[in-house]
Amino acid sequence: MTSHIADVLIPLALDTAYSYAVPIGLSLKEGDVVQVPLGTREVVGVVWALRPGAGGNFKAVTDLIEAPRLSPKMRKFLDWVAWYTLAPKGSALGMGLKLADSERAEVIRVGVRLAGPPPKRMTPTRQRVIDAAADRLVRLKRELAHEAGVSAGVIDGLVDEGTLETVALLPERAAEPPDPDFSQTGLSDDQRAAAALLVSIMGDIPSPVSLLEGVTGSGKTEVYFEAVAEAVRQGRQALILMPEIALTAQFLDRFEARFGAKPASWHSGITGRKRERIHAGIASGDVKVVAGARSALFLPYSNLGLIVVDEEHETAYKQEDGVHYHARDMAVVRGRIENAAVILASATPSIESRTNVERGRYRHVQLPERFGGRQLPQIHTVDLKRETIPPGRWLSPSLINAMHETLARGEQALLFLNRRGYAPLTLCRSCAHRYECPNCSAWLVEHRFRRSLVCHHCGHVERTPQACVACGTVDSLVPCGPGVERIAEEAAELFPDKRRIVLSSDFPGGTERLRAELAAIAAGEFDVVIGTQLVAKGHNFPLMTLVGVLDADIGLTSGDPRAAERTFQLLQQVTGRAGRGDKPGRALVQTWQPDHPVIAALVSGDAERFYREETRVRELAGLPPFGRLASLIVSATEREGAETHARAMAKVAEPTAGITVLGPAEAPLALIRGRYRYRLLVKTERDVDLQAYLRAWMARCPKTRGNTRVAIDVDPQSFL
DNA sequence: AGCACGCCGACT
DNA sequence: GTCGGCGTGCTC
């Protein structure tokens, strides 16, 4: 006989909580983490609701798990995320709980110190240890061994002899507490005014959202640090969200310079004990400031006062597997639920954030100038219709001249081409065979360095053949078009004595080496940098005064409705790399269409102009002006199955008022790997509740349950 | 997510 | 004759 029933949500792809009987003697509260039987196994779940009643038909809750209880606000947030993203509630819970499930007791760390008489048998190594420990301070075993230049075994021996004693140390803190008044950075008048505005509205209810817009180098970070300081002064927590790649030592050092301690940092590389400590510290409120990638949004903050979304326009904030969500949008919602202020910071704000400013939903805080009077780069177009470039070459005479001038002054030049590999297309010169991917029929891209042909769609790799696979002719492969590797070859011929580096996401050696190379560039160890969009983001290169965009038209013609916006942002970011420090920089943008609105807006530096143009272009294309786009991803184990399925769903959807299927969109790489998936892009008219329609739509295709994932790109503000 | 159940192909 | 491949569906 029990008197209560617990509805337990389990972090699996289940949309409903399951009911369990609460055994007598187990006192539960809503939000408690519990263990329950499910089928043949035991799983962890969270009490989502508790109600009176006899649980005769139900299995019983096994036990209460020692883990921080999920607050009502956290549960509300997860419910909202599940509703908004059309994901099962259990999947949403998975994001908030998986972080906690390895909670184990903290091991007590031990240190050693000199305490007893010398050992009976003295040896030279033992003597070195005793000398090193002569000050009688407590040291970690490893540290002492290192200091004395001996192995840990010697220390153990001395502990057994009683010469050294072990001492329990306090557990290491997840993060040292930041001091909001550690050091005030010298802010300019503009920065001070912006910071004061952000700080002044922090306690407002409903919690305010601010768009902090400032060009590269205008000191956005220092400005939002003042808001972080204010949150800490108020005894509340602050979260700084950033794209994973931007979470660098450089950023943590800047934070430390301002606050005297590093923030807790949270990203996929933080594992094990450290992860648990930070998690527990956030739940208890000990950790005051977290700098993290998007998953940090789902941590159990006990008293969140501020969320900063740095580089808010970044597409990396979009999670495209499992639950689909945009971390920036979810941050706005979590801020509202937690009564925390939200600051969206960017040099190139997204269209939806601009729109929210225009509609008066977000406050616009602008930083007009580069800090310290730095100049914005001069941007010029190079009209490819007017310049003569020999076949097989891609650098225009204008760009080559500019490079000579720049390099002669000992400054750096960046050649930007958003295309990995050597050549995007490979043909056989004798039979015109075109190398395509066996899985997705996309062109295979030659990677000369790796001696292979790579599909940039699904990751398929094959060795570059010696002879044509179709006609057998030897050495007949012709590369068509340029990739960064080929540009590097051209630069090597033109500037043989200059130090060059090629950077792209397939850079050998992984993220760590990449970060080291970025630092080396900043330190001036290279003259010419050739890179893909990787170089557009995050890092500052103080010696770089020239940026050459080799083909500004890439991306403008893709079928993606956000192509223009993305290209504009990317080009504005990459040209913004030029002229840091006190050197004015310039950017040369090679293009076939100098009059294209994106290029024109880029050259004039007029983002507003771009935005107006973009809105007009979208209207002409029949697209909604912003947001209100959704993509449905239908997955199946066979390619044909997914495609047929998607088309069937489209048929059901078309007659539904307000939803138009725009057609298939290219599925992102992550979705293709492993399983074949198919993505449809749909739009809705103004004032149509997309969520409701998609729900109805999915209900009419019952077989799609669990097979369909829906990514929604709608302004969440309209649902608050 | 697991795990069971079920339906077809190749083996001691 | 079974063993085991995966495809499908359920878990309070």
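Chain letters run A, B, ... following the sequence lines, proteins first, then strands; residues in each count from 1.
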Next item on the list: Assign A/Pro11 to base, sugar-phosphate, or nothing according to its heavy-atom contacts below 4.0 angstrom with the strands shown.
Entry: nothing
Notebook entry, point to check: Within the pair A/Arg41 and B/dC3, is there a side-chain N or O less than 4.0 Å away from OP1 or OP2?
Noted result: no
Notebook entry, point to check: Is A/Glu352 paired with A/Arg328 through a side-chain N to carboxylate O contact shorter than 4.0 Å?
Noted result: yes
Checklist line | Under 4.0 angstrom between A/Tyr18 side-chain N/O and C/dT11 OP1 or OP2 | finding: no
Next item on the list: Using atom CZ of A/Arg51 as one end and atom C1' of C/dC12 as the other, report the distance to the nearest whole Å.
Entry: 10 Å
Margin query: Just so I know, are the side chains of A/Ile240 and A/Val290 near enough to count as touching, which here means a heavy-atom distance under 4.5 Å?
Written below: no
Margin query: Please classify the nucleic acid contact of A/Ile10 as base, sugar-phosphate, or nothing, using heavy-atom distances under 4.0 Å.
Written below: nothing
Notebook entry, point to check: Atom CG of A/Leu12 to atom P of C/dG9: distance rounded to whole Å?
Noted result: 18 Å
Item checked: Straight-line distance of A/Asn418 CG to A/Leu534 CG, nearest 0.5 Å -> 10.0 Å
Notebook entry, point to check: Taking CZ from A/Phe58 and P from C/dC12, how many angstroms apart are they, rounded to a whole number?
Noted result: 11 Å
Check: Which whole-number value in Å describes the distance from A/Met95 CE to B/dA1 P?
Finding: 13 Å
Checklist line | Among B/dA4, B/dA1, C/dC12, the nucleotide that comes nearest once only the side chain of A/Thr40 is considered | finding: B/dA4
Checklist line | A/Leu93 CG to B/dA1 C1', straight-line distance once rounded to whole Å | finding: 13 Å
Next item on the list: Using the six-membered ring of A/Phe77, assess whether NZ or CZ of A/Arg334 lies under 6.0 Å from its centre and within 45 degrees of the ring axis.
Entry: yes
Margin query: Without decimals, in angstroms, what is the distance between A/Tyr20 OH and C/dT11 P?
Written below: 11 Å
Next item on the list: Take atom CD of A/Glu42 and atom P of C/dC12, then tell me their distance rounded to the nearest Å.
Entry: 10 Å
Note to self: Rounded to whole Å, how long is the line connecting atom NZ of A/Lys59 with atom C1' of C/dT11?
What the structure shows: 8 Å
